[in-house]
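For reference, the structure discussed in these notes is given below.
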2 protein chains.
Amino acid sequence: MEATNTCADCAVRDSALCASLNDGELMALNALGRRRKLARGEVLAWAGDDSLICGNLISGVLKLTASTPDGREQIVGLAYPADFVGRPYAGQAEFTVTAVSEAELCLFPRAPFERVLEDHARMERLLLQRTFAALDEARARMLALARLSAAEKVTGFLLDMADRATGCRAMPPGPVTFDLPLTRGEMAEVLGMTIETVSRQLTRLKSKGAITLAGARGITIRDRELLRGRD
Amino acid sequence: MEATNTCADCAVRDSALCASLNDGELMALNALGRRRKLARGEVLAWAGDDSLICGNLISGVLKLTASTPDGREQIVGLAYPADFVGRPYAGQAEFTVTAVSEAELCLFPRAPFERVLEDHARMERLLLQRTFAALDEARARMLALARLSAAEKVTGFLLDMADRATGCRAMPPGPVTFDLPLTRGEMAEVLGMTIETVSRQLTRLKSKGAITLAGARGITIRDRELLRGRD
DNA sequence: TCTACGCTTTGACCGCGGTCAAAGCCGGCC
DNA sequence: GGCCGGCTTTGACCGCGGTCAAAGCGTAGA
């Protein structure tokens, strides 16, 4: 049990920010961090609360949500294993972080983590690069949210999920089967639409023969060209 | 003329990234940089081109636009004086950068600038903080694009612009008059709507008495409460 | 001062996607 | 195995905001 709490056997040791540290440095960071498990739906941090923690996601999927005062919500980011979570250098968190599946994290108190950052230029540079990448992604999704039709949003989302499910490689030409990590409602929250429209679009793609659905989560991309087809 | 090309009298010397450098370091950076003036509508960098330059905006306003293959466009970011522009650590630029007004920049070739960043931890940290702030802003705008009504988008935008025009301070309670830096078309590109809808919303706010319009650019926020009013 | 061009406003119309409602499906738990 | 609750699907309807079209303005340049 204790053994699973060290960096040595950490599943994301070589892909998270920590990859920039040698074993000695990792020891020091390890002393600072603690593991935390989140159940599905559990909230890690609320928007508006003090930004007290940050860390690396080890397993599971998290969502970052923004909301209006009257309760409308939008998922503004998803975090996957090895992703960095949190907001260094901020007083308050701007977004709520919630577990979309059971998840495990390696968390650090924000202030000492910032100090580690100062002492480890390579780690800070890696974080800068990741933050730039996240910014590019957020901006690309601004285009999608504002200008794509419901059909385009859903097909784009499915293609993205398939990319991730197949290890982010160029997808093989054949059919791809995987489980969606999100419910219909969460897909709607990501895409800026309603549950009903997401469902209708999926039904349309299914009857077109581009995909097949298996239960609430399972999906097979049958024909990528058909999926992309503008009709 | 030459004199205006040095950092000593730079208008954003103390508010841009350079504020983290002492005079000596600034000299070195100065040797790397060159000034460039952009006319209204001129493009600094095209999406898809190699990411070759970055720099600081000295005066004017720039827009960052994303577009779909079939030509739909969305402004995903605006840059104001002292803002950093460009994308270090990226091979290709993801977005097109265009001058919205006449603008002046201090530009650096990307590769040597990255090396300066490596040698100046404080500047790198400042850039990290700015990038986090930009990410927060982009995500907040994702909520707005996806979930706000046309009326809410326009009033929010006007309030943002008024904040900026009055020096980002808490606005005085009285009326505020200023010039919008964007055309109706650009406002529509920012808000993810059409020119016509932007115009109709402004007309509605005018007839409600919340604002007055003077020419294409001039605007007065008369009654902030009325402006915010949900009706 | 007049002209011309580009931006803005206004109007009429329509379709996409949201809303409201109800039925269906599936998985978990007793 | 059966029941229950939550997620999903489907249907009917409607309104917001987009589209297409034309008229108004304002500014710049001759």
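Quick note on labels: first sequence line is chain A, next is B, and so on, each numbered from 1. All values below come from the heavy atoms of this structure, side chains included, with hydrogens, waters and symmetry mates left out.
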Item to check | Nucleotide C:dG17, atom P - distance to CD of A:E152 in whole Å | outcome: 9 Å
Taking only nitrogen or oxygen atoms into account, show me every contact under 3.5 Å that the protein makes with nucleotides 3-5 of chain D, one pair per line with its distance.
none

Checklist entry - OP1 or OP2 of D:dT10 sitting under 4.0 Å from any side-chain N/O of A:S199? => result no
Checklist entry - Tell me: CG of A:L202 to P of C:dC25, nearest whole Å? => result 17 Å
Checklist entry - Can you check the B:L182 CG to C:dG6 C1' distance for me, whole Å? => result 17 Å
Checklist entry - Restricting to pairs with a member in residues 188-200 of chain A, which pass salt bridge (Lys or Arg N to Asp or Glu O under 4.0 Å), not counting sequence neighbours? => result A:K63-A:E189
Please tabulate, one pair per line, each protein N/O and nucleotide N/O from nucleotides 19-24 of chain C that are separated by under 3.5 Å, including the distance.
{"residue": "C:dT19", "atom": "O4", "partner": "A:R200", "partner atom": "NH2", "Å": "2.8"}
{"residue": "C:dC20", "atom": "N4", "partner": "A:E196", "partner atom": "OE2", "Å": "3.0"}

Checklist entry - Any side-chain heavy atom of A:V12 within less than 4.5 Å of one from A:S15? => result yes
Checklist entry - Quick one: A:M187 CE to D:dC7 C1', roughly how many Å, whole number? => result 13 Å
Item to check | Contact check, side chains of B:T203 and B:L213, non-hydrogen atoms, under 4.5 Å | outcome: no
Next on the checklist: Rounding to an integer number of Å, can you tell me how far B:E186 CD sits from C:dG6 P?
Outcome noted: 15 Å
Checklist entry - For B:T203 and A:Q201, take the nucleotide of DNA chain C holding the closest heavy atom to each; which residue's nucleotide lies nearer the 5' end? => result B:T203
Item to check | End axis versus end axis in the helix from C:dT1-D:dA30 to C:dC30-D:dG1, the angle rounded to 10°, five pairs used at each terminus | outcome: 40°
Item to check | For atom CG of A:L213 and atom C1' of C:dC26, their distance in whole Å | outcome: 14 Å
Checklist entry - Say you draw a straight line from NZ of B:K37 to OG of B:S59; how long is it, rounded to the nearest 0.5 Å? => result 7.0 Å
Quick one: side chains of residues 45-52 of chain B, donor-acceptor pairs under 3.5 Å with protein atoms, not counting sequence neighbours, listed by atom name and distance.
{"residue": "B:S51", "atom": "OG", "partner": "B:R87", "partner atom": "O", "Å": "3.1"}

Checklist entry - In whole Å, what is the span from the CG atom of A:D179 to the P atom of C:dC26? => result 15 Å
Checklist entry - Between atom CG in B:L205 and atom C1' in C:dT9, what is the gap in whole Å? => result 15 Å
Can you pull every protein N or O that's under 3.5 Å from an N or O on nucleotides 14-16 of chain D?
none

